[in-house]
Amino acid sequence: AIRPRVLSGIQPTADSFHLGNYLGALRSWVEMQETHDAFYCVVDLHAITISHDPAQLRRRSLVAAAQLLALGLDPQRCTLFVQSQVPEHPMLSWILECHTGFGEAGRMTQFKDKSAKNERVTVGLFTYPVLQAADILLYQADAVPVGEDQRQHLELVRDLAQRFNTTYGRTFTVPSPYIVKETGTIQDLAEPARKMSKSASGPSGIIDLLEEPARIRKKIKSAVTDTGREIVYDPENKPGVSNLLTIFSTLAAVPIVELQNRYEGKGYGDLKKDLAEVVADFCAPIAERTRSYLDDQAELDKILLAGAEKAHAVAARTLAHAYERIGF
Ligand code: ADP
Ligand code: NA
């Protein structure tokens, strides 16, 4: 039987992915290799929508790929590639831009957030979600594993696919977001009212997967918890403790109710002490494996080149079809 297709991307805009990226999205990437025909890309074209340094970008793209492999992506089971190595992405993006309303794009809340934070606001930052639509539609993806913050962009992608299909005849699969409810938004450790984010979180609010175990322990132990002392899952009233329970439950594969029972009558300190070990133990081998993938750059280049070739074959077919539909 033909497996459903999955596509997702991640920006190489930091020196490491963080726990929110993993729990919200990358964990699903790894799982979906087994059930889907999976395409995953390091979206370096997206990374230049904010100011960047060329040498750093090149380095971060490699670290991102190495880290994805370290997390368990297997080039035998999925197609892993770097977006800029497949020229069809910006080509389809242009076509989609010409079918996107200016007002429609202007409603994207991520653009509003990012443009408020950056002094240099480019047209590329504005059209970012349309490039994202091209990424997804080129591969005829059925499902797109992402965190909750991507829901609005995915809605735009669906609208664009449907609009194109209605106007020109069926061309694109209309994709569905795949968002895991429990882990779709991991909160900032220092400010649990907002999400963990590489651009908005301070150093004590975010845990990078490549971080030193000692620093990880320190951050978990100083995580902001809530008033009261009961360890119960209640995201509304106890966002700090609930966030810690979510992280614990997912990384240790223990249901939250079981954790609540385990820590009944105990204090936040006990929970944090154990969670610190869970997170440190989870991150240590990832950092180790990332380093070993980076040590063999020839092999890494080979994996990415093979991935780009496989991706290109699919993307070129879709683009040719779209071109024909358009009248080129
Ligand atoms: P982008 O700028 O492309 O959204 P990010 O690095 O912010 O890149 O996000 C990469 C992936 O991680 C996306 O699928 C996003 O939804 C997810 N993600 C980011 N932050 C969180 C978080 N705090 N909780 C859950 N998922 C998250
Ligand atoms: Na994001």
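Just so it is clear, the structure is predicted and the values come from calculations on it, not from any experiment. When a ligand or atom number is given, it counts from 1 through the structure's own listing order.
- Val6 and Leu69 fall within the same hydrophobic cluster, where Ile, Leu, Val, Met, Phe, Trp and Tyr residues are linked whenever their side-chain heavy atoms come under 4.5 Å apart, directly or through other members.
- Distance CZ/Phe248 to CG/Asn243: 13.5 Å, rounded to 0.5 Å.
- Here Gln187 has no heavy atoms under 4.0 Å from ligand 1, in either its backbone or its side chain.
- Across the listed options Asp149, Ile50, Val144, Asp149 owns the non-hydrogen atom lying nearest to atom 16 (O) of ligand 1.
- Panel note: side chain Arg151, backbone Pro177; no donor-acceptor pair is recorded below 3.5 Å.
- Under 4.0 Å from ligand 1, the heavy atoms of Tyr128 that appear belong solely to its side chain.
- In terms of N/O distances under 3.5 Å, ligand 1 is not approached by Lys195.
- For the atom pair CD1 (Ile231) and CD (Glu264), the distance works out to 10.0 Å, reported to the nearest 0.5 Å.
- With ligand atoms numbered from 1 in the order given, ligand 1 contributes 5 (P), 6 (O), 7 (O), 8 (O) to contacts under 4.0 Å with heavy atoms of Lys198.
- Note: no N/O pair closer than 3.5 Å links Thr183 and ligand 1 by distance alone.
- Under the 4.0 angstrom criterion for non-hydrogen atoms, Ser197 is not in contact with ligand 1.
- The side-chain tip of Lys114 does not point at the ring of Phe126 from less than 6.0 angstrom away and within 45° of straight on.
- By the criterion of side-chain heavy atoms lying less than 4.5 angstrom apart, applied directly or through intervening Ile, Leu, Val, Met, Phe, Trp or Tyr residues, Val43 is not grouped with Leu154; the two fall into different hydrophobic clusters.
- With Gln132 as reference, His153 is the one residue of His153, His46, His89 to meet the side-chain hydrogen bond (donor to acceptor under 3.5 Å, both in side chains) rule.
- Note: an N/O pair closer than 3.5 Å links Met196 and ligand 1 by distance alone.
- Between Gln11 and ligand 1, an N or O atom pair is found at a separation short of 3.5 Å.
- Where the criterion is an N or O separation shorter than 3.5 Å, residue side chain and backbone included, Gly20 meets it with respect to ligand 1.
- Some N or O of Ile186 is nearer than 3.5 Å to an N or O of ligand 1, by distance alone.
- Any N or O atom pair closer than 3.5 Å counts here, and Val146 shares no such pair with ligand 1.
- In this structure, the side chains of Arg60 and Asp15 come closer than 4.5 Å at one or more pairs of heavy atoms.
- With a heavy-atom cut-off of 4.0 Å, Lys114 touches ligand 1 through its side chain alone.
- Looking at Val157 and Val174, their side chains never come closer than 4.5 Å, going by heavy atoms from C-beta outward.
- Within the listing of ligand 1, atoms 24 (N), 25 (C), 26 (N) sit less than 4.0 angstrom from a heavy atom of Gly184.
- Here His18 has side-chain heavy atoms under 4.0 Å from ligand 1, and that is the only part of it that gets that close.
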Would you list the atom pairs, donor with acceptor, under 3.5 Å between side chains in residues 299-315 and any protein atom, with sequence neighbours excluded?
| from | atom 1 | to | atom 2 | distance (Å) |
| --- | --- | --- | --- | --- |
| Lys310 | NZ | Thr79 | OG1 | 3.3 |
| His312 | NE2 | Glu88 | OE2 | 3.0 |

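- In summary, the atoms of ligand 1 found under 4.0 Å from a heavy atom of Ile10, numbered by their order in the structure, are 10 (C).
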